[in-house]
Amino acid sequence: MTIVTFLATLISCLILHLTPWVYGYPISDIRSWCKQTPHPEPCEYVLAGQLNYGPMKQKPDFIKALLKVTQERAAEAESNARGLGPKCHNKLEKTAWKDCLQLYENTVQRINMTVDPKRTCSQVDMQTWLSTALTNLETCKNGFEELGVGDYMLPLMNNNLSSLISNLLAMNKGGNSPNEPYHKGFPTWVKHSDRKLLESSNPSSQANAVVAQDGSGNYKTIGAALAAAKSSGGRYVIYVKAGTYNEYIDIKSDNIMIVGDGMGKTVITGSKSVGAGSTSFGSCTMAVNGDKFIGRDFTVRNTAGPQNEQAVAVRSGSDLSVFYQCSLEGYQDTLYALSNRQFYKDCNIYGTVDFIFGNAAVVLQNCNILARDPPNKTNTLTAQGRTDPNQNTGISIHNCRVTAASSLNGVKTYLGRPWKQYSRTVYLKTYLDGIVNPAGWLPWSGNFALDTLYYGEYMNTGPGSSTANRVKWKGYHVITSAAEAAKFAPGSFIAGGSWLPETGVPWTAAL
């Protein structure tokens, strides 16, 4: 905590406890609202020091004030993070810090999006972007833990920001949570031309840029095509011809579409890993940061191998994004569905440990989930990362197939384990092969999260689908209600009806 922040907090405390009226309205208004949040003390302190928002008689008044002060704290935290680079003691600390800087910048961006008067922001949007902001802070912390370096910098960056975002999630609760109704408000952002491109047998004729290693396109690398992409507010389409592209892709702009020549034909490959000094966040072969991304007909690999720990093929924090007919191949941590609303259709996902993970609101539909031979003879298909009960996030696996990529020779394979306190994953009408252990789910560590997680199974089939010998955890559910299961369908969980139809990707809204 800086001296300025300390003095501000001290003054806030004095105001809060010694002054019954500030700016013409009672401090009790703040207390009464803050008591309804999970973290009342930081709520009271920051608002008492910023009493220039007008009366807080109604809930929207309070949320508006809390958003404003959280926006200010986020900007301060990002500035603090930016100044900590010179304090890094070694290369590993520097690696973790660089991730944090990117994550804090995105946190500021997402919070700003909730208050931008030029942007449509529904209650669902706000809950999604706040969920992402909180996930970013947790991801920053994870990086320091993964690399085993000192996290002394984290309090200087966070400065109660996590608590403030958590309070906002609680007060804005409603949005896209499976326990609440969907509130409309998404803009239509995909043009009919995108549908035609997805259905086209000749994508090069409609692409803005063509990538080909033989020189027959505009560029020889995907990175060069992305660097030259012009932001026009519309879709920018990059067609990548067949070939193996050994490069690391970072998609920063919105409205990017990448189309390949098919799984196994257009291949993007890399080999970064935690074992080789990266964080999970930084190990990805393809990073998708820009919103409204569409990917079709290519393979992304991380070839670090099963012994090199976390090694991500695709990391996506893209809101309203789609992967269609793609193959994502790795071992531990293949698909990092980091944050926001995502949809995967007709994809193949290969891996060993926790290989579908993250804290997005993500639906996988008609995908093949293929377990490989792990180094420790235990596979876990998912590790969902929800840290707050009000985040509208989770992994929904609908009408997919869980099988072995090759012979597993008796390897125990589990549907998931709780990476974080409120981990949430469901399997709906999915074929589960005999590789699935009868217990179904694996603890993370002792009794951690077993009462607070939400794991569900609904009308699955196959030799591994019997729930007779499943775990007896409080948070595990054999879902028998169609209405309960429907909350996790694409039409409800990611409000797919508002944005998926115009992508041209075939999808099923209900179960």
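Being a predicted model, the structure only gives us computed values, none of them experimental.
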Margin query: Angle between ring planes, Phe298 versus Phe323, binned at 30° and 60°: parallel, tilted or perpendicular?
Written below: perpendicular
Checklist line | Straight-line distance of Arg73 CZ to Asn80 CG, nearest 0.5 Å | finding: 10.0 Å
Checklist line | Distance-only polar pair, side chains of Trp97 and Gln102, donor-acceptor under 3.5 Å | finding: no
Next item on the list: For Pro490 and Val363, work out which heavy atoms get closest and say how close.
Entry: CG-CG1, 3.7 Å
Notebook entry, point to check: Can you tell me if Thr279 and Asp99 form a side-chain donor-acceptor pair at under 3.5 Å?
Noted result: yes
Margin query: Could you go through Val124 and Met126, starting from their C-alpha distance and side-chain angles, then the distance that decides it, and tell me whether this counts as side-chain contact (heavy atoms from CB on, under 4.5 Å)?
Written below: CA-CA 5 Å; Val124 179; Met126 184 179 293; over 6 Å; no
Item checked: Donor-acceptor pair between Lys272 and Asn308 side chains, under 3.5 angstrom -> no
Check: Among side-chain atoms of Glu329 and Ser327, is any donor-acceptor pair under 3.5 angstrom?
Finding: yes
Note to self: Whether the side chain of Thr430 engages the backbone of Tyr427 through a donor-acceptor N/O pair (distance < 3.5 Å, no angle test) should be reported.
What the structure shows: no
Checklist line | Ring-face cation of Arg401 near Tyr431 (centre distance under 6.0 Å, axis angle within 45°) | finding: yes
Margin query: Quick check for you: to the nearest 0.5 Å, what is the distance between Ser406 atom OG and Asp373 atom CG?
Written below: 5.0 Å
Next item on the list: Using the six-membered ring wherever Trp is involved, compare the ring planes of Trp441 and Tyr455 and label them parallel, tilted or perpendicular (cut-offs 30° and 60°).
Entry: parallel
Next item on the list: Ignoring hydrogens and angles, state whether a donor on the side chain of Asp346 or Asn366 is under 3.5 Å from an acceptor on the partner side chain.
Entry: no
Item checked: Under-4.0 Å salt bridge between Asp125 and Arg341 -> yes
Check: For the atom pair CG (Leu147) and CG (Leu92), what is the distance rounded to the nearest 0.5 Å?
Finding: 5.5 Å
Margin query: So which atom in Ala304 and which in Ser271 form the shortest heavy-atom distance, rounded to 0.1 Å?
Written below: CB-O, 3.6 Å
Next item on the list: Drop me the distance from Ile251's CD1 to Ile238's CD1, to the nearest 0.5 angstrom.
Entry: 7.5 Å
Notebook entry, point to check: Do Thr452 and Gln421 have side-chain N/O donor and acceptor atoms under 3.5 Å apart?
Noted result: yes
Check: Side chains of Asn359 and Gln391: do they bring a donor and an acceptor to under 3.5 Å?
Finding: yes
Notebook entry, point to check: Under 3.5 Å, is there a donor-acceptor pair between the side chain of Asp261 and the main chain of Ala242?
Noted result: yes
Check: Should Glu93 and Lys87 count as an ion pair when the cut-off is N to O under 4.0 Å?
Finding: no
Check: Taking atom CD1 of Ile165 and atom OG1 of Thr135, what is their separation to the nearest 0.5 Å?
Finding: 9.5 Å
Next item on the list: Apply disulfide bond (SG atoms under 2.5 Å apart) to Cys326 and list each qualifying residue two or more places apart in sequence or on a separate chain.
Entry: none
Notebook entry, point to check: Which pair of non-hydrogen atoms, one from Asn340 and one from Ala360, has the smallest distance, and what is that distance?
Noted result: O-CB, 3.2 Å
Notebook entry, point to check: On the ring face of Tyr458, is Lys429 found with NZ or CZ under 6.0 Å from the centre and within 45° of the axis?
Noted result: no
Next item on the list: Look at atom NZ of Lys472 and say whether more than 12 heavy atoms of other residues, nucleotides or ligands are closer to it than 6.0 Å.
Entry: yes
Item checked: Worked verdict on Gln213 versus Lys220 for side-chain contact (heavy atoms from CB on, under 4.5 Å) -> CA-CA 5 Å; Gln213 292 176 325; Lys220 289 187 176 181; 5.7 Å; no
Checklist line | Pair Thr128, Asn392: side-chain N/O donor-acceptor within cut-off below 3.5 Å | finding: yes
Margin query: Has Thr221 got a side-chain atom pairing as donor or acceptor with Ala224's backbone, closer than 3.5 angstrom?
Written below: yes
Check: Between Asp354 and Gln332, do the side chains contain an N or O donor and an N or O acceptor separated by less than 3.5 Å?
Finding: no
Checklist line | side-chain contact (heavy atoms from CB on, under 4.5 Å) partners for Ala405, two or more places apart | finding: Tyr350, Leu370, Arg372
Notebook entry, point to check: Once the angle between the rings of Tyr454 and His477 is folded into 0 to 90°, is it parallel (under 30°), tilted (30 to 60°) or perpendicular (over 60°)?
Noted result: parallel
Notebook entry, point to check: Regarding Asn376 and Thr378, is there a side-chain donor-to-acceptor distance under 3.5 Å anywhere?
Noted result: no
Item checked: Other residues, nucleotides, ligands: >12 heavy atoms within 6.0 Å of Asn447 CG -> no
Notebook entry, point to check: Does the side-chain contact (heavy atoms from CB on, under 4.5 Å) test come out yes or no for Phe357 and Thr382, once each step is laid out?
Noted result: CA-CA 5 Å; Phe357 78 114; Thr382 67; over 6 Å; no
Margin query: So, taking the atom named CG in Leu415 and the one named OG in Ser465, what distance separates them when rounded to the nearest 0.5 Å?
Written below: 10.0 Å
Checklist line | Exercise: identify the closest heavy-atom pair between Gly295 and Phe293 | finding: N-CE2, 3.5 Å
Next item on the list: Check whether the side chains of Gln342 and Ser318 place a donor and an acceptor atom closer than 3.5 Å, and report yes or no.
Entry: no
Next item on the list: Would you please test Asn136 and Thr107 for side chain to side chain donor-acceptor pair (under 3.5 Å) and show each step?
Entry: CA-CA 6 Å; Asn136 288 340; Thr107 292; 3.2 Å; yes
Next item on the list: Not counting sequence neighbours, which residues clear disulfide bond (SG atoms under 2.5 Å apart) with Cys367? List them please.
Entry: none
Notebook entry, point to check: Regarding Asn399 and Gln365, is there a side-chain donor-to-acceptor distance under 3.5 Å anywhere?
Noted result: no
Note to self: Over 60° means perpendicular and under 30° means parallel, so tell me whether Phe343 and Trp507 are parallel, tilted or perpendicular.
What the structure shows: perpendicular
Checklist line | Polar side chain donor-acceptor pair, Gln384 to Tyr422, under 3.5 angstrom | finding: no
Checklist line | Polar side chain donor-acceptor pair, Asn289 to Asn106, under 3.5 angstrom | finding: no
Notebook entry, point to check: Can you tell me if NZ on Lys252 sees more than 12 non-hydrogen neighbours from other groups inside 6.0 Å?
Noted result: no
Check: Considering all heavy atoms of both residues, which atom of Arg110 and which atom of Asp291 are nearest to each other, and what is their separation?
Finding: NH2-OD1, 2.8 Å
Notebook entry, point to check: Ser283 and Val312: which non-hydrogen atoms are nearest, and at how many Å?
Noted result: OG-N, 3.0 Å
Item checked: Phe281 six-ring face occupied by Arg315 cation (under 6.0 Å, within 45°) -> yes
